[in-house]
Amino acid sequence: MGVSMDGMSRGRPGLELLPPEAPMAMPAQDLARAPRPVVTSRPSAPPLMWLRRLLVIGGALAFTFIATSEMSLVLGLSRWSLMGVVLTAFFAMLFIWIALAFTSAVAGLFSMGVVTDPLGLRAPAPPPRSRTALLVPIYNESVPHWRATLSAMRASFEEAGASSTFDIFLLSDSTDAAIRDAEGEAALAMAQEAGPAVHYRHRPQNTGRKAGNIEEWVRRFGGAYPQFLILDADSLMEAGTVVSLAAAMERHPDVGLIQTLPLLQGGETFFARLQQFAGQVYGPLIAQGLAWWSGADCNYWGHNAMIRTEAFASAAGLPRLPGRKPFGGEILSHDFVEAALMRRAGWAIHLAPLLGGSYEQGPPTLPDLAVRDRRWCQGNLQHSAVIGTAGLHPLSRLHMATGIAAYLSAPFWLAFLILGLAVSLQAHFLRPDYFPNSHALFPQWPIVDPERALWVFAVTLLLLLAPKFMALAALILRRRGAGALRLLAGGVLEILVSSLLSPVTMLTQAQQVVGILLGRDGGWTTQRREGEAISLRAAFRLSRAHLVLGVTLAGLALAINPLLAAWMAPVLLGLLLAPWLISWTSSVRIGEWFRARGLLTVPTEEAPSRVLRLAAQAQHAAEETPVRAGERWTAAGA
């Protein structure tokens, strides 16, 4: 470990902790011209991937064709009107992603029983021969929080006897002077403790945001490290998991990136515990399905992933997009694009969902999720300017299309809902024209098939919830007695509350999409990690649009038919109860009440690993330690 004079912070100048530089070039890539692949053979790719994709994608297309045909029959004669055509098109666009999630989950359920390990990640890993950098980009984050997390990780490496081949880099882009001082103090203290070496540097300018932060490290120090692991400020990983990833990189020279599945943990509010339960119960099955049919053409989620430095530097340099924000300028959701560019150069991109030992924290409240989603929404929609990049693998384009569709689906669902009500209003209040001015030989009877409509709705709902049912069933079969009953009760609770929260999220995301399409840039704000109860008054201010839409839709549905209002009850209730849902789910007290009764508990709570226990102890000690002046940080700064 060396000490350079690059100017750590104003409070303690000259204490930036850095090793000798080892520069590596990282040129910006040309999106208009495909380069010649660096890697021409990928032995780590599973065989018969075309058959897997045919089953999953072909099955989703078949389900969509059948469901859309049934939907057109539900509309009867109206399907030939402009409104009917648009309604049917919206249904098809929305249904195909539901069908793909279903077929992917089926693949996950199947492959979990016959799972292979092409990278040998679950075999005992020998100590890595090369050095690995653990990169922690930080931007006005809570210093005590990430220090506690890193202390636990370093203790885990020390216990595993793996400290000597791993270096930690704290890459600060923080703009708050007090936080910068606290970062330097923490880095200096950690550098004196046992564990992997700790380095710290601060960039005066947040150029390129997180992607620029990583790129700057590669250009200065990448030549000394064959691979690096990216961690968010709330990331936590077992030493054994990181060692396995580094060893896999050494064994498989065709692999450019291995993405783990970070499980949500540490949630305290009711909302965080709902997200945590869903992530740990449903996430592995869904991710395993994605890994099964993606093979060596997977995606990257920005953190808790091991990356080959050569592959990243030579193929993943991001250019600035032409035009103005929000679609031009810096690429926000850089991870999808970096993975696609590395795959374009021939490198294998793998997902290891069943490896374990990879964790993160989720947003504590629904408004915090909305703040993060706003940035992700803009970043994913920005991929519409990148998806046509020359030479991308078809699956890389599909990953981007899935991300775009995930956010466009919100305004599409809203439009589908409103169009459906409009068709119902037309059928209910307008006199049908049995003999229009045409050459028809027979009267054109308006046809409405309520029984078929019920079946289409039931099948759509079943496919939507089937991945959760499959994941729950798979876990319940492994448990017995009270544990299985608590898991089932937690699953029912999560599905019910999530169903009510879905229309709230739908309108929020629809507003975000409209704002982005109108040219509003969302900027980049630090994610809040710790929960804070939201008062009902504040929740009412946040959900005025939801209440207006809920009252309007309820009035229209009741005017058409009370049964229609009953059929739309989950959507209407979610919108009308939005203030209470936002306030109640932000409560730590409600979250603790369910936890005390064994509901929404997850494996990381029931049997926490060693690193999770160490992190909890370090966090508890940090909370009890008086904060010194130089370590203060404010909510505004964070």
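Keep in mind it's a predicted model, so treat the numbers as computed, not measured. If you read the sequence from its start, that first residue is 1, and numbering goes on from there.
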E268 side chain reached by R595 side chain, heavy atoms, under 4.5 Å: no

Check: R613 side chain, P608 main-chain N or O, donor-acceptor pair, under 3.5 Å: yes

Expected output: side-chain H546 to main-chain A578 donor-acceptor under 3.5 Å: no

Non-neighbouring partners of L536 that pass side-chain contact (heavy atoms from CB on, under 4.5 Å), sequence neighbours left out: F540, P579, W580, S583

Under the side-chain contact (heavy atoms from CB on, under 4.5 Å) test, residues paired with Q280 that sit two or more places apart: L263, Q265, Q276, V602, P603, T604

Side-chain donor/acceptor of T365 to backbone N/O of D368, under 3.5 Å: yes

Any donor-acceptor pair under 3.5 Å from T149 side chain to D234 backbone: no

Heavy-atom side-chain proximity of S543 to I582 below 4.5 angstrom: yes

Side-chain donor/acceptor of S587 to backbone N/O of R589, under 3.5 Å: yes

Side chains of I590 and R273 in contact at under 4.5 Å (non-hydrogen atoms): no

K210 and D232 ion-paired at < 4.0 Å: yes

Any T585 side-chain heavy atom under 4.5 Å of T269 side chain: no

Distance-only donor-acceptor check, side chains T260 and N304, under 3.5 Å: no

Where A92 and T64 come nearest, the two heavy atoms and their spacing: O-CG2, 3.8 Å

Pairing residues for Q512 by the side-chain contact (heavy atoms from CB on, under 4.5 Å) criterion, not counting sequence neighbours: A370, D373, R374, C377, T508, Q509

Non-neighbouring partners of E494 that pass salt bridge (charged side-chain N to carboxylate O under 4.0 Å, His left out), sequence neighbours left out: K468

Set of salt bridge (charged side-chain N to carboxylate O under 4.0 Å, His left out) partners for E360, sequence neighbours left out: none

Minimum-distance pair of heavy atoms, taken over all atoms of E338 and A211: OE2-CB, 4.0 Å

Any side-chain heavy-atom pair of F270 and F594 under 4.5 Å: yes

Partners meeting salt bridge (charged side-chain N to carboxylate O under 4.0 Å, His left out) with D335 (sequence neighbours left out): none

Closest contact, heavy atoms only, I179 versus S174: CG2-OG, 4.1 Å

Residue pair L231 / P137: nearest heavy atoms and the distance that separates them: O-CD, 3.1 Å

Side-chain donor or acceptor of T103 paired with backbone N/O of V56 under 3.5 Å: yes

Within-4.5 Å side-chain heavy-atom neighbours: I138 and D173: no

For F412, the option from F90, F91, Y407 that meets ring-ring contact (aromatic ring centres under 6.0 Å, His included): F90

Side-chain (N380) to main-chain (W376) donor-acceptor, under 3.5 angstrom: yes

Side-chain (S409) to main-chain (A406) donor-acceptor, under 3.5 angstrom: yes

Backbone of M237 reached by a side-chain donor or acceptor of T241 within 3.5 Å: no

Heavy-atom side-chain contact between Y359 and L264 under 4.5 Å: no

Donor-acceptor under 3.5 Å (R597 side chain, W593 main chain): yes

W301 and L261: CA distance, side-chain angles, deciding distance, side-chain contact (heavy atoms from CB on, under 4.5 Å) verdict: CA-CA 9 Å; W301 301 330; L261 175 65; 3.9 Å; yes

Taking every non-hydrogen atom, the tightest pair across E330 and Q382: O-NE2, 2.9 Å

